[in-house]
Amino acid sequence: MSRKSAVTSHSSAVEIMRASLKPIQPPANCLLDAIDLRFFNNVVEEFARSEWTEHQLEIAAMMARCMNDLNREQQELRHEGFIAARANGTTVENPRQRVVKALTTDLLSLRRSLSLHARARGEARDISKRTKIAQSIERNNPIDDLLAKPT
């Protein structure tokens with residue numbers, strides 16, 4: 001496995017600028033609805049555009065669907081309440097709570113798979129520094145003003 005060049009090198013800066021021009025779209029094999037897309041866009045903002053691979057985008061799409069499902073189930077649980085009454089008058093834990101817990105577990109697993117947790121990406125201070133440098137290069141991309149963009 002080859003080592004990534006330092007984010008501060010000129011060649012890396014050029015690659016980051018080039019990658020920042022590409023819009024990040026979910027893969028065609030991962031269908032997302034409009035609400036899923038909002039979550040997807042939030043997830044992809046976790047990394048600089050130049051850091052995403054196709055496989056990571058697939059996982060990000062699955063994560064977006066999971067986040068949408070979790071949000072919907074949590075809203076329903078709030079509406080229904082955490083305790084449900086049976087027909088005979090006894091009370092039980094709302095079964096939807098198990099669904100919410102399962103979706104939460106799935107979401108955390110997908111986050112780990114994407115290495116969105118600090119330990120997987122290395123030392124927090126180093127990761128933060130690299131990501132901030134890459135995002136700064138992407139925001140201040142001088143190529144943006146030179147190229148025509150589709151309308």
Side-chain angles (χ1 to χ4, degrees), residues 1-9 11-84 92-141 143-144 147-151:
M1 186 163 103
S2 67
R3 187 178 159 111
K4 281 189 171 185
S5 58
V7 199
T8 55
S9 73
S11 60
S12 287
V14 169
E15 287 305 313
I16 290 169
M17 284 183 223
R18 189 174 294 141
S20 73
L21 296 174
K22 283 190 322 187
I24 294 182
Q25 299 293 326
N29 60 324
C30 297
L31 301 177
L32 301 177
D33 65 23
I35 298 171
D36 294 338
L37 278 172
R38 290 186 212 155
F39 284 106
F40 178 80
N41 291 330
N42 290 337
V43 170
V44 297
E45 289 301 316
E46 288 285 327
F47 292 126
R49 290 176 184 265
S50 58
E51 295 177 347
W52 285 100
T53 66
E54 285 300 312
H55 179 67
Q56 287 175 323
L57 290 173
E58 289 172 343
I59 295 171
M62 291 188 315
M63 190 171 156
R65 283 194 305 250
C66 184
M67 292 169 78
N68 185 14
D69 293 343
L70 178 58
N71 185 49
R72 187 176 46 252
E73 291 299 323
Q74 284 177 328
Q75 295 301 321
E76 287 295 320
L77 183 60
R78 278 185 177 178
H79 178 70
E80 294 171 358
F82 289 85
I83 304 296
V92 294
E93 177 185 53
N94 188 331
R96 194 176 300 275
Q97 284 189 34
R98 279 186 236 128
V99 173
V100 168
K101 287 177 186 175
L103 286 169
T104 301
T105 301
D106 292 348
L107 179 59
L108 293 174
S109 177
L110 289 166
R111 282 185 64 83
R112 282 190 298 273
S113 180
L114 269 181
S115 300
L116 289 177
H117 63 294
R119 291 184 68 194
R121 295 178 68 196
E123 291 293 325
R125 66 179 181 275
D126 297 334
I127 295 160
S128 177
K129 187 187 295 184
R130 279 195 308 266
T131 299
K132 284 180 182 168
I133 290 170
Q135 287 174 332
S136 172
I137 291 169
E138 289 176 356
R139 275 192 305 276
N140 301 315
N141 190 346
I143 297 173
D144 277 347
L147 299 175
K149 292 189 173 104
T151 55

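With contacts defined as side-chain heavy-atom distances shorter than 4.5 Å, the pair Leu32/Phe39 does not qualify. Taking 4.5 Å as the limit, some side-chain heavy atom of Cys66 sits within range of a side-chain heavy atom of Leu110. For the pair Glu45/Asn41, no side-chain contact is recorded, criterion being any heavy-atom separation below 4.5 Å from C-beta on. The side-chain heavy atoms of Met63 and Asp106, taken from C-beta on, include no pair separated by under 4.5 Å. For the pair Phe82 and Glu93, the minimum side-chain heavy-atom distance is 4.5 Å or more.
Between atom CD1 of residue Ile24 and atom CZ of residue Arg49 there is a gap of 5.0 Å, rounded to the nearest 0.5 Å. Atom CD of Glu46 and atom CD of Glu51 lie 11.0 Å apart (nearest 0.5 Å). With rounding to the nearest 0.5 angstrom, the CZ atom of Arg98 is 13.5 Å from the CG atom of Leu103. To the nearest 0.5 Å, the span separating CZ on Arg112 from CG on Leu107 amounts to 9.5 Å.
Residues Leu70 and Val100 approach most closely at CD1-O, 3.6 Å, considering heavy atoms. For the residue pair Leu114 and Gln56, the shortest heavy atom distance occurs at CD2-O, 3.4 Å. When all heavy atoms of Asp33 and Ile35 are compared, the closest pair comes out as OD1-N, 3.1 Å.
Not a single donor-acceptor pair under 3.5 Å links the side chain of Arg65 to the backbone N or O of Cys30. For the pair Ser113 (side chain) and Ser109 (backbone), a donor-acceptor distance under 3.5 Å is absent. Judged by distance alone, with hydrogens and angles left aside, the side-chain atoms of Asn68 form no donor-acceptor pair with the main-chain N or O of Ala64 at under 3.5 Å.
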* Give the C-alpha distance, both sets of side-chain angles, the deciding distance and a yes or no for side-chain contact (heavy atoms from CB on, under 4.5 Å) between Val92 and Ile83. => CA-CA 6 Å; Val92 294; Ile83 304 296; over 6 Å; no

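A side chain to side chain contact (heavy atoms under 4.5 Å, CB included) with Pro26 is found for exactly one of Leu57, Val44, Leu37, namely Leu37.
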